[in-house]
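First up is the structure itself, then whatever we jot down about it.
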Amino acid sequence: MKVELKAIHKSFGTVHANNNINLAIQAGTIQGILGENGAGKSTLMKVLSGFIQEDEGKILLDGKPISVRSPADAIQHGIGMLHQDPLDFPPMRIIDNFIVGREGGVFPNKKEARKDFIKLANEFDFALDPESYVDSLTVGERQQLEILRLLWLGVRVLILDEPTTGISALQKEKLFATLKTLAKQGKTIIFVSHKLEDVEQLCNQVAVLRQGILVGEADAPFEIDKLVEMMFSKVISVEAKQPCPFGNSALSLHNFVVEDYRLRLESVDLTLRAGEVIGLAGMEGSGQRPFLRACAGLLRPTQGKVIVGEKDLTGKPYLAYKNHGVGFLPASRLEEGLIPGLSLTEHFILAEKGQGMFIDRERWERETKERITSFNIRGTPLSPVEALSGGNQQRALLALLNSPLSLILLEHPTRGLDIESVIYIWGKLKERCRQGTAIIFVSADLEEILQYSDRVLVFFSGRVSPPLDASATSVEQLGQLIGGKGWAEKFEQQGDVYA
Amino acid sequence: MLKNTRWANLLIQLAAVLMALLLTTLIMLAADAPPLEAYANIIKGSFGSLDRISKVLLSWIPLLLTTAGLLITFSTGLWNIGVEGQIVLGAIATTWVLRLFQDSAIAPGWIIFLSILAGMIGGAIWASLAGALKTFGGVNEIFGGLGLNFVATALTLWLIFGPWKRPGVGSMSGTQPFPEELWLPQIPDYDLSYWALGLAIASIVAVYFLLQGTYFGLRLKAVGKNFRAAHLLGIPTWQHMMAAFFLCGIFAGAAGAMQVTAVYHRLIPSISSGYGYLGLLVAMLVNYQAIWAAPVALFYAALNIGSIQLPIVLKMDSSLSGVLQGMLVLFVLMVEGIRQRYLRRT
Ligand SMILES: Nc1ncnc2c1ncn2[C@@H]1O[C@H](COP(=O)(O)OP(=O)(O)OP(=O)(O)O)[C@@H](O)[C@H]1O
Ligand SMILES: [Mg+2]
C-alpha cells in the first residue's frame, strides 16, 4: 500500500514536534526514518497510526485520503505500529495479550489463536511460551510479542519504532529477513531507528528529521557520513578508548549463584575494581538480567557472597545496597524507571535522600534546570516525564543516579539514544569512572560493549564465561560466543569445563 | 493556554453537574414527583435557617474528616474501602474511654480530649489491620476493608446489646446517652460545636499541605503512581503504604469520635452514618485534590440534610439525595474519562 503524508503539523504546547512533513512511501518498500532524540519521529509515526491526531495535514493510502481517529481505525486501514516502549497489559498471559484487540465475538477462538501464535513464533524463532505471563518478559521479548500480534492482525503497513534495540543479533537477522519478505509481498514497512547500520542493511530509502522538520531524503546505497551530518548538522566521531586507572575492589562476588524461574546460572567468582567497566553480553534472556539484579540486591542469590566495597551485603535488601552507593538503572523506563504523572523536578526531589519536611520548590526547580542543561534533556522542569521523547526519558533516568556512587549497574543504558547522545552519556559515565565508580552494564549492542568496557562476561543459556579482555576480542568473536559457538577454543586455558 | 484549559475544565465539570441534575429530574418525573418543589425543599431544608445551616455544618464535619483521610490513601494508590469500619472503631474507642472515666474525678474536658485521642488511635489501628493484611497477607485492601467493615458493625451491635447495653434491655437506639458535661461544648441554642468544626477544617488544611508541600506527601504519590519505580528510587514502599493507612485511620477515627462526642453522645448501631462511603464519593469527585474537598463535602452534607425534609413535606423518600449524589460522581467520572481520551489524542 502506498502511504502519503501531506503537510503534517503537530505541536505540543510550544514544541512544534512535526512541522510541515511531506513524505511519500511506495508500496513494497522499506522506508527508514532517522533523526536525533526529540526530532519528532515517534510523533509522526503516532499520527500515522492513530495514537495522536495531527493538527493539520492529510494522510493518503493508495491515493485516497483517510481519516485515522484511533489505533483501531488505523488497524482497520491495515496500519499497525510497534511502539518504542512496548504497550502491553502486564498481568496477562501471553496468549491473552495476543488475542486482545482482535475483532470478533465475546469468546475468542483460543485454540485457533494459539495455533497461529505458535506458527508465527516459530517462523521468527521467538521463544515465547503462550501460557507464561507478560510481566515476566524482558523488553526484547515484549517487542517480539507485539510484532507477532500486529502481523496476526493483518496489517499491511507496519511501523516499527526502534525495534532492534532489545533483540539479539540473530533475532535481528531473522526480523530483517522477515521485513524484507513482507516488503516483497507488497507491504509497506516504516522503520524508525538510531542505528545507521540497521538502516543501511534494511532500508530502500530514508528520511531525516531534525527539530520537527524533514531535512532530507536519500535512496540506498547511503553515504553514512552524509546522513549523520543531516541528522546533527555536524560530523560526529567516537573518541578513542581511554582506560582509567583502577582502584580498590568495588564489588566482589564469591561462588555467586543466581536463579530465576527459568534459568540457573553457574557459579561466578569476580572482582570488580573501582573505575572498571564490565559489559555483559548475551542474547536476551540468557541470564544477564537476573545477574545484574542480584548484584543490585533486587534478587537474592541462591548461593554465595556479595561484597560491596568492604561490606558483605549478601541477603540484604535493595535499600541497603543503595545506601552503600550502588545505583541501578532499569531497562523499562516508564514501568520501573520513571513515574508517569510526576514532573522532572519531582523526580529529582524523590531521588535525593535525607531531607526535611517541606519542599522548597523554587530551589528544586533551579536544581532541575541545571541538571536539564548538564544532561542535555529536551524538556522543562515541570514537564511530566511521559511527555519526553524516548531518548530524553533515558537521559532523565541517567540524570537521576545519585552521586557519588561506588557501583553503577545499568540495563541497556543507551537504548533509544541517538549516536551523539550515546557518546555524550558514556562521556558522563566515564567521568564517574575516573572518580572511582565501577560499572556493570547489559547491552544488546556488541559494539557498545567492546567500545566501553574493560572486561566482558558472556552469557549463554545459563553459562557465564570467565572475564574476557575487551580489547582482545572482536565483534565477530563476541557474536559467535553469545550464540554458544567457540567457547571451547576461547576458554581452553580455563580447563575443559566449557567443552 | 493554561488558563484556557482550566476554564474548559470548569465548563466540562459544570456540564457533568447539569447532566446529573437532569437525569435525577427525569427520574423524579418518571416517579410522578414534582422536581422543582423537591429541589426547592432541599435548598430550604439545608440553608433555609440558621438552625438548618448548623445541621449542615454538623454533618459536614465527619464527612470532611473522612475525606481528608481518604485523600491520603487515594494518593498512595490505595482503595481504602475499610474507612467505614475505621469510623466505627473510632466511635467505639471514644465511647469506651468515655465510659471508663465518666464516673471518675478527672475533669470532663480531659475525658473528652482523651476519648477523641482514643478514637483516632482506634481508627488508626483498624486501618493498619487492613494495611497489614495487604502488605503481609497479600489481601487486596478492598476485600480486607470490606471484611473489616462487617466485623466493625458486628462489634458495635454486640457491644450495644451485650456489655454496654442500657440498664434493663439493650435497644437499637444505642447505649445510654452520656451526661451533658461529656459532650463537646456546643454553641448555645444550636447543635454545632466550634471545636469539632475547627478540628475538621484544620484536618483538611493539614492534609492539603501534607500532599502538596512535603517530601513525605510526594513520596506517597510516587508510591501510588508507580510502585516499582518508587522502590527503585529508594522509597521504602510498604512502609509508606502502611503510613498512609495509619494516617487515614486517624482522620476516620476522629470522624467517629465526633459522631459520639458532638452528634449522638452515645454509640448507636449505624454510628458511621455512611460517611465512609460518602467520603469515597467526595474524594473521587474532587479527583483526589484536597483543595476542592471542603466545598464539595459541604455540598454533599447540604444534600444530606436538605433531603431529610422530603418525606415530611412531599411524601418522597429522602434517598433522592443519594440518587443525586451517586449520579454526580458517575457523570463527573464519565466526563473526566472522555476528556482524558480526547486529551491523549490531541
Ligand atoms: N505528549 C507530549 N506532550 C508534550 N510534548 C511531547 C509529547 N510527546 C512528544 N513531545 C515532544 O515532542 C518532541 C518530539 O518527540 P518525539 O517523541 O516524536 O521524538 P523522537 O524523534 O521519537 O525522539 P526519540 O529518538 O528520543 O524517541 C519532543 O520535544 C517531545 O518532548
Ligand atoms: Mg521516539
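Lettering of chains follows the sequences in order, A, B, ..., and the numbering in each one begins at 1. Below, each value reflects all heavy atoms present in this structure, side chains not excepted, and no hydrogens, waters or symmetry copies.
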Query raised in the report: Non-hydrogen atoms of chain B under 4.5 Å away: do they reach the side chain of A/L298, the backbone, both or neither?
Result: side chain
Query raised in the report: Could you give all pairs that pass the salt bridge (charged side-chain N to carboxylate O under 4.0 Å, His left out) test and reach residues 392-411 of chain A, with sequence neighbours left out?
Result: A/R293-A/E411
Query - Interface residue of largest heavy-atom contact number with chain B, from A/L329, A/I339, A/L400, under 4.5 Å - result: A/I339
Requested in this report: Enumerate by number any residue of residues 316-324 of chain A whose heavy atoms lie under 4.5 Å from heavy atoms of chain B; in the absence of such residues, state 'none'.
Outcome: A/Y318, A/L319, A/K322
Query raised in the report: So how far is it from B/L218 CG to A/I359 CD1, rounded to the nearest 0.5 Å?
Result: 4.5 Å
Report task. Give, for atom CD of A/E352 and atom OH of B/Y215, the distance between the pair rounded to the nearest 0.5 Å. Result -> 8.5 Å
Query raised in the report: Does atom CH2 of B/W292 have more than 12 heavy-atom neighbours from other groups under 6.0 Å away?
Result: no
Report summary line: CZ (A/F328) and CG (B/L233) are apart, to the nearest 0.5 Å, by 12.0 Å
**Report entry** Residues which pass salt bridge (Lys or Arg N to Asp or Glu O under 4.0 Å) with A/E367, listed by chain and number, not counting sequence neighbours
**Finding:** A/R371
Query raised in the report: Are the side chain of B/N226 and the backbone N or O of A/L338 linked by a donor-acceptor pair below 3.5 Å?
Result: yes
Requested in this report: Sort out for me which of A/R361, A/E346, A/H347 touches chain B most, counting heavy-atom pairs under 4.5 Å.
Outcome: A/E346
Report summary line: For residues 196-222 of chain B, the salt bridge (charged side-chain N to carboxylate O under 4.0 Å, His left out) pairs (sequence neighbours left out) are none
Requested in this report: Might you point out which heavy atoms bring A/P330 and B/L232 nearest each other, and give the distance in Å?
Outcome: CG-CD1, 3.6 Å
Requested in this report: Mark yes when over 12 heavy atoms from residues, nucleotides or ligands other than B/F246 sit less than 6.0 Å from its CZ; otherwise mark no.
Outcome: no
